Amino acid sequence: MDKYKIAIVVGSLRKDSFNRKLANAIVKLAPPEFSFSQVQIHDLPLYNQDDDANQAESVKRLKNEIKSSQGILFVTPEYNRSMPGVLKNAIDHASRPSGQSAWTGKPAGILGVSNGPIGTAVAQQHLRNVLAALNVPTLCRPEAFIQVKDGLFDEAGNIGADSRQFLQNWMDKYVAWVKKHAA
Ligand SMILES: Cc1cc2nc3c(=O)[nH]c(=O)nc-3n(C[C@H](O)[C@H](O)[C@H](O)COP(=O)(O)O)c2cc1C
């Protein structure tokens, strides 16, 4: 069991983040051989290339968590039609120093929930561009652009009935993607 460890990167630091709720709920749709843990990004310094040779402890921790995982799951809001700066900051940190990126080859999936009707579509597309540059094989379809609606989560914090089939299918495809690409 726990054959596949997945690092979840949530792109929101907000206490009541819908994206964190989605991250907490979606993991319950995965098979038992998958385990998930959310990486901490709120304590990372702002990326500064001068620090590449002497990375902060929080950066080393992030890189170790990514390196020891078999896959990555990004769950992110859209900020001003892109990914939040805190997420890009974390991605940049773990990509350095040059030639020592933690991301290389890690299979990834992207989910996002927002208030707006396009459900993080633009943020996800920007994130895909970045992940392509980092050699991260990213599940293309099904895409999951989710809008916050009553009933998205049930009272216990699980995925609500109306979205469960759609997100179960997404998780099944993500699981297959990780199994195919995990080293
Ligand atoms: C700085 C900022 C920019 C935002 N820009 C967008 C946007 O471009 N598209 C969108 O759908 N929602 C946008 N929103 C609304 C977010 O979808 C909403 O705040 C969402 O709840 C954030 O995710 P979270 O609940 O996980 O923190 C923006 C919110 C903030 C704070």
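In this text the structure is predicted, and so the values were computed from the model without any measurement. Note that ligands are numbered from 1 as they come in the structure, with each ligand's atoms numbered from 1 the same way. Note that these values count all heavy atoms, side chains included, but never hydrogens, waters or copies made by symmetry.
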4.5 Å side-chain heavy-atom contact, Ile146 and Ser163: no

Protein residues that have a heavy atom under 4.0 Å from any atom of ligand 1, sorted by chain and number: Ser12, Arg14, Ser17, Phe18, Asn19, Pro77, Glu78, Tyr79, Asn80, Arg81, Ser114, Asn115, Gly116

Pairwise side-chain contact, Pro77 with Ser17, heavy-atom cut-off 4.5 Å (strictly under): no

Pair listing, ring pair (Phe, Tyr, Trp, His ring centres under 6.0 Å) test, anchored in residues 73-113, at least two apart: Tyr47-His93, Phe74-Trp103

Under 3.5 Å, sequence neighbours excluded: what are the donor-acceptor pairs made by side chains of residues 123-130?
residue, atom, partner, partner atom, Å
Gln124, NE2, Thr120, OG1, 2.8
Gln124, NE2, Ala144, O, 2.9
His126, ND1, Ser82, OG, 2.8
Arg128, NH1, Leu139, O, 2.9
Arg128, NH2, Leu139, O, 3.1

Pairs meeting criterion salt bridge (charged side-chain N to carboxylate O under 4.0 Å, His left out) with involvement of residues 145-171, two or more places apart: none

CG/Asn48: more than 12 non-hydrogen atoms of other groups inside 6.0 Å: yes

